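Reviewing the structure listed below.
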Amino acid sequence: MFCRIVNGEIPSRRVFEDDTIVAFADVAPQAPTHVLVVPRRHVASLDDLHDPALAGRLLTVAAGLASTLGLGGGYRVVVNTGPDGGQTVSHLHLHILGGRQMNWPPG
Ligand code: AMP
């Protein structure tokens, strides 16, 4: 489904894009700022990410976006993976969550 967002077939509120990555607002935000960082290429989950360069790029973009989005006080990056990890969309995505105090442990 995120392939269709990346391709523009499903509308989204994009906050970043380059040749390998698209980032857009989560449709059901769990924090005042909730953005998803997604590789353009289909990678089903973190378990299928066998590309250190892309992994690094995803994290670097996430950190840059956190700064751009004003999360200087801190933020959380989450990668839900597999059924027990709570992954509901089978296209790798990093959640950037911020704008409120995060709690630990997560649910
Ligand atoms: P996960 O549960 O980690 O797989 O995260 C999937 C996320 O995708 C959830 O936070 C959803 O709210 C979000 N989501 C699902 N459909 C859309 C959409 N069309 N546009 C933006 N976010 C979406």
Side-chain angles (χ1 to χ4, degrees):
M1 187 249 282
F2 286 172
C3 280
R4 297 182 67 199
I5 290 179
V6 167
N7 294 337
E9 296 167 38
I10 295 176
S12 66
R13 188 165 66 77
R14 292 191 184 200
V15 296
F16 174 86
E17 60 184 312
D18 68 7
D19 55 336
T20 56
I21 289 170
V22 175
F24 52 89
D26 196 293
V27 76
Q30 300 302 309
T33 298
H34 188 173
V35 166
L36 303 175
V37 183
V38 175
R40 286 186 184 274
R41 158 161 77 83
H42 185 81
V43 177
S45 84
L46 189 60
D47 286 338
D48 303 289
L49 180 60
H50 308 294
D51 182 340
L54 181 57
R57 183 71 186 138
L58 285 163
L59 283 171
T60 302
V61 165
L65 270 173
S67 175
T68 303
L69 296 170
L71 303 179
Y75 59 93
R76 185 168 289 174
V77 175
V78 173
V79 185
N80 296 325
T81 305
D84 284 1
Q87 184 177 4
T88 61
V89 175
S90 294
H91 186 134
L92 175 64
H93 48 283
L94 280 62
H95 297 256
I96 303 174
L97 296 147
R100 65 168 169 82
Q101 179 63 52
M102 295 296 152
N103 300 310
W104 195 262

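Values below: all heavy atoms of this structure, side chains included; hydrogens, waters and symmetry mates excluded. Quantities reported herein were computed from a predicted structural model and do not represent experimental measurements. For ligands, and for the atoms within them, numbers begin at 1 and follow the listed sequence.
- When side chains are defined from C-beta on, Ile21 counts as touching Leu58, because their heavy atoms get closer than 4.5 Å.
- Note on ligand 1: Ala25 sits in its first shell, one or more heavy atoms being nearer than 4.0 Å.
- With respect to His95, the side-chain contact (heavy atoms from CB on, under 4.5 Å) criterion is satisfied by exactly one of Val77, Val37, Val78: Val78.
- Looking only at heavy atoms of the protein, atom 1 (P) of ligand 1 is closest to His93 NE2, 3.1 Å.
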Can Leu92 and Ser45 be said to form a side chain to side chain contact (heavy atoms under 4.5 Å, CB included), step by step?
CA-CA 4 Å; Leu92 175 64; Ser45 84; 5.7 Å; no
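- Inclusion of Asp26 in the set of residues having an N or O under 3.5 Å from an N or O of ligand 1 is warranted.
- In summary, the atoms of ligand 1 found under 4.0 Å from a heavy atom of Ala28, numbered by their order in the structure, are 12 (O).
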Give the C-alpha distance, both sets of side-chain angles, the deciding distance and a yes or no for side chain to side chain contact (heavy atoms under 4.5 Å, CB included) between Arg14 and Val22.
CA-CA 7 Å; Arg14 292 191 184 200; Val22 175; 3.9 Å; yes
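- For the pair Val89 and ligand 1, the shortest N or O to N or O distance falls below 3.5 Å.
- Near Leu36, meaning under 4.0 Å from one of its heavy atoms, ligand 1 places the atoms 8 (O), 13 (C), 22 (N).
- In terms of protein heavy-atom proximity, atom 8 (O) of ligand 1 is closest to Phe2 CZ, 3.4 Å.
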How far apart are the C-alpha atoms of Leu54 and Leu49, what are their side-chain angles, what is the distance that settles it, and do they pass the side chain to side chain contact (heavy atoms under 4.5 Å, CB included) test?
CA-CA 8 Å; Leu54 181 57; Leu49 180 60; 3.8 Å; yes
Could you go through Thr20 and Arg41, starting from their C-alpha distance and side-chain angles, then the distance that decides it, and tell me whether this counts as side chain to side chain contact (heavy atoms under 4.5 Å, CB included)?
CA-CA 7 Å; Thr20 56; Arg41 158 161 77 83; over 6 Å; no
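- Using a 4.0 Å cut-off between heavy atoms, Ser12 makes no contact with ligand 1 at all.
- When ring centroids are compared, Phe16 and Phe24 stay outside the 6.0 Å threshold.
- At least one heavy atom of Ile5 sits closer than 4.0 Å to an atom of ligand 1.
- Asp51 and Arg57 are not joined by a salt bridge, as no carboxylate oxygen comes within less than 4.0 angstrom of a charged side-chain nitrogen.
- Scanning the protein heavy atoms around atom 16 (N) of ligand 1, the nearest turns out to be Met1 CE, 3.4 Å.
- Atom 21 (C) of ligand 1 has its closest protein heavy atom at Val27 N, 3.3 Å.
- Close contacts of ligand 1 with Gln87, meaning ligand atoms under 4.0 Å from a residue heavy atom, involve 4 (O).
- Ligand 1 has a nitrogen or oxygen under 3.5 angstrom from a nitrogen or oxygen of Thr88.
- Here is the list of ligand 1 atoms found below 4.0 Å of a heavy atom in Phe24: 21 (C).
- Checked against a 6.0 Å centroid threshold, the rings of His93 and His91 do not count as neighbours.
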